[in-house]
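Read the structure below first, then the notes.
Sequence lines set the chain letters: A, B, ... in the order given, protein chains first and strands last, and positions in each chain run from 1.
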Amino acid sequence: MAFIDYYKVLEIDKSASEADIKKAYRKLARKYHPDLNPNDKEAEKKFKELNEANEVLSNPENRKKYDQYGENWEQGAEYEKARRQQQQQQQQYSGGQFGGFGGFSGGGDYSDFFESMFGGGRQRGSRRSTAFKGQDFNAELNLDLKDVYTTHKRTLTVNGKNIRLTIPAGVENGQVIKIPGQGGEGANGGPKGDLYLTFNIENHTNFKLDKHNLYTTVDLDLYTAILGGEITANTFDGKVRLTVKPGTQNGTKVKLKCKGFPVYKREGEYGDLYISYQILLPTNLTHREKELFAELAKLRTI
Amino acid sequence: MKTDNRILLQTISSYYQVELSFFNHLHDLGLLEIEIMEQSPYIHENQMHNLERMIRLHNELNVNPEGIDVVFNLLQKIDHLQKELIATNNRLRLFEN
């Protein structure tokens, strides 16, 4: 657990007045406010730090304590702990609320440093006014590309609640789906929050995906490439027999229509599959093979 | 009071302690749809997400309705750019090993 320099967080120096603190806090809040920085975890973190710094420095009592212990806060934390325990024994615990300037929503959790210096168990988020509409939840779902090839049902646990939902085939990496009414409860009859589900899709297959088209490479031995023949190649969900034309060049692409990836929310519609042939040259030739290749080479030069 | 997923504007106004004129101003700028039913103004609950964001911007950062309009336009742009970036990154995977 590291010491947090709240003055540095608010970009002020130690002699800052209450008005300076308020000004600095407001200025930085305008920069890092979550409503202005969607999907920005860095800004969210900054904003939490700001709120914490403000809670400490805008409250004269907290600021004094913070200044007094400073970098030797661990000592202070020990002292505070002992003091609190004593208070609890005497049943005199008073869960004082923080003062400070007008609270912001989305302040969220406190750092461990804050907790140990100013005590845990305070009402988290007490400074934030509860929204009328329930809180929106954000969740990330990690899936494999194979999982999203077909439409399937899945049960997710979000904030202790089981949600059963259908994941449509062809959902894309980074796509966000809104599931209405699966967020927090509203206040005073307000509507429920929504759940925003972000899909993280990893691809561990031999296929590359570009939009709905799949790309893969199939090895072809020299003789089949030269003489032609039939091979079996893998598609995403099965196998396919392919006729190789005589004289097939390395890197030749074959397009298999509708053997690609399903298109999101368009049932029965698929992209295409592109197969590139990679011709494998024989290695470790025997004496006899070398002779024959030499002979072939001669035939070509004549 | 709630009517078919619609919320009485007065309820929101008193809950957030925001003047009704603020909502009218948002309405004038095309940021909020207000429906009049039985002579009372309502909003559909699917607007609550954005409306609460507007209220926060107003209450916490002192942004006025015109400023909110600007912010929302920029946020829309950011959203569009983020989606484009994701799509581009996904396409880049094609060229990675």
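For the pair Leu75(B)/Pro38(A), a side-chain contact is recorded, criterion being any heavy-atom separation below 4.5 Å from C-beta on. Looking at heavy atoms from C-beta onward, Leu61(B) lies out of side-chain contact with Asp35(A) at the 4.5 angstrom threshold.
Nearest heavy-atom pair, Glu52(B) versus Phe132(A), reported as atom, atom and distance to 0.1 Å: OE2-N, 3.1 Å. A pairwise comparison of heavy atoms in Ile86(B) and Asn173(A) identifies CG2-O, 3.4 Å as the closest pair.
No side-chain donor from either of Asn90(B) and Glu172(A) sits under 3.5 Å from a side-chain acceptor of the other.
Under the 3.5 Å distance criterion, the side-chain polar atoms of Arg91(B) are left unmatched by any main-chain donor or acceptor of Leu209(A).
Under a cut-off of 6.0 angstrom, the local environment of CZ in Arg154(A) is crowded, with over 12 non-hydrogen atoms contributed by other residues, nucleotides or ligands. No more than 12 heavy-atom neighbours from other residues, nucleotides or ligands sit within 6.0 angstrom of NE2 on His80(B). Sparse packing is recorded around NZ of Lys45(A), with 12 or fewer heavy atoms of other residues, nucleotides or ligands lying under 6.0 Å away. For Glu35(B), the CD atom is densely surrounded, since the number of other residues' heavy atoms within 6.0 Å is greater than 12.
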Do any side-chain atoms of residues 21-32 of chain B form donor-acceptor pairs under 3.5 angstrom with protein atoms, and if so which ones, sequence neighbours left out?
residue, atom, partner, partner atom, Å
His25(B), NE2, Glu66(B), OE2, 3.0
His27(B), ND1, Leu32(B), O, 2.9

Pairs of donor and acceptor atoms involving the side chains of residues 179-196 of chain A, under 3.5 Å and at least two apart or interchain, shall be tabulated with distances.
residue, atom, partner, partner atom, Å
Asp194(A), OD1, Gly181(A), N, 2.9
Asp194(A), OD2, Lys133(A), NZ, 2.9

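Atoms CZ and CG, on Arg93(B) and Asn203(A) in that order, are 6.5 Å from each other to the nearest 0.5 Å.
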